[in-house]
Amino acid sequence: MQQHPPLFRTLVEAVVAEIPRGRVMTYGQIAAICGSPAAARIVGGIAHFGNPDLPWQRVVNKHGGVATGYPGGKIGQKNALVSEGIKVTKDFTVDLEELLWNPS
DNA sequence: CGAGTGACCGCAA
DNA sequence: ATTGCGGCCACTC
């Protein structure tokens with residue numbers, strides 16, 4: 001019963017918060033779910049200015065590669081993903097065919 | 001309110 | 001294969 005239209009940022013954070021452990025999602029897919037398939041960059045921006053408690057490490061790009069601006073760099077994100085049981089290649093990429101999470 | 005920015009995406013050389 | 005450029009749209013200052 002939102003009298004005001006939900007902010008994009010709120011939707012993105014909600015989706016990211018629903019990503020189960022051991023799964024990943026792409027920026028473009030999250031943006032599309034939130035209603036703006038071309039706002040993939042915005043998702044990244046929200047990741048930087050949004051709620052730091054959310055599992056942003058589970059968010060990867062369309063190539064399955066980890067983000068560049070993650071705190072600690074790609075190493076930090078890869079470390080966080082591996083800590084959750086997600087296999088990350090030495091090329092800092094994850095297998096989207098196996099780990100991509102598709103919300104209902 | 002206006003301008004700049006970006007943890008992206010896709011294509012061209 | 002790698003590198004560079006533009007577009008796209010919401011967020012921050």
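For clarity, every value in this text was computed on a predicted model and none was experimentally measured. Just so it is clear: chains get the letters A, B, ... in the order the sequence lines come, proteins before strands, and each one is counted from 1.
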**Message:** I'd like to know whether CD of A/Glu84 has more than 12 heavy-atom contacts from other residues, nucleotides or ligands below 6.0 angstrom.
**Reply:** yes
**Asked** Which two nucleotides bound the region of DNA chain B that has atoms under 4.0 Å from heavy atoms of chain A, read 5' to 3'?
**Response** B/dG6 to B/dG10
**Request:** For A/Phe8, report the nucleic acid contact type (base, sugar-phosphate, nothing); a contact means any heavy atom under 4.0 Å.
**Result:** sugar-phosphate
**Prompt:** With sugar-phosphate meaning primed atoms plus P, OP1 and OP2, does A/Phe49 contact a base, only sugar-phosphate, or nothing at under 4.0 Å between heavy atoms?
**Reply:** sugar-phosphate
Calculate the interatomic distance between [X] atom [atom1] and [N] atom [atom2]; express it in whole Å.
X: A/Ile30; N: C/dA10; atom1: CD1; atom2: C1'; result: 15 Å
X: A/Lys62; N: C/dG7; atom1: NZ; atom2: P; result: 20 Å
X: A/Asp91; N: C/dT2; atom1: CG; atom2: C1'; result: 13 Å

**Request:** Would you kindly confirm whether A/Val66 and A/Val16 end up in one hydrophobic cluster when ILVMFWY residues are joined by side chain heavy atoms under 4.5 Å apart?
**Result:** no
Does some side-chain heavy atom of [Y] sit less than 4.5 Å from a side-chain heavy atom of [X]?
X: A/His48; Y: A/Tyr70; answer: no
X: A/Thr93; Y: A/His63; answer: no
X: A/Gln29; Y: A/Pro37; answer: no

**Passing option when A/Val24 is tested against A/Val59, A/Leu96, A/Val88, A/Ile19 for side chain to side chain contact (heavy atoms under 4.5 Å, CB included)** = A/Leu96
**Asked** Of A/Ala38 and A/Arg9, whose closest DNA chain C nucleotide lies nearer the 5' terminus?
**Response** A/Ala38
**Message:** On DNA chain C, compare the nucleotides closest to A/Ile46 and A/Arg41; which residue's is nearer the 5' end?
**Reply:** A/Arg41
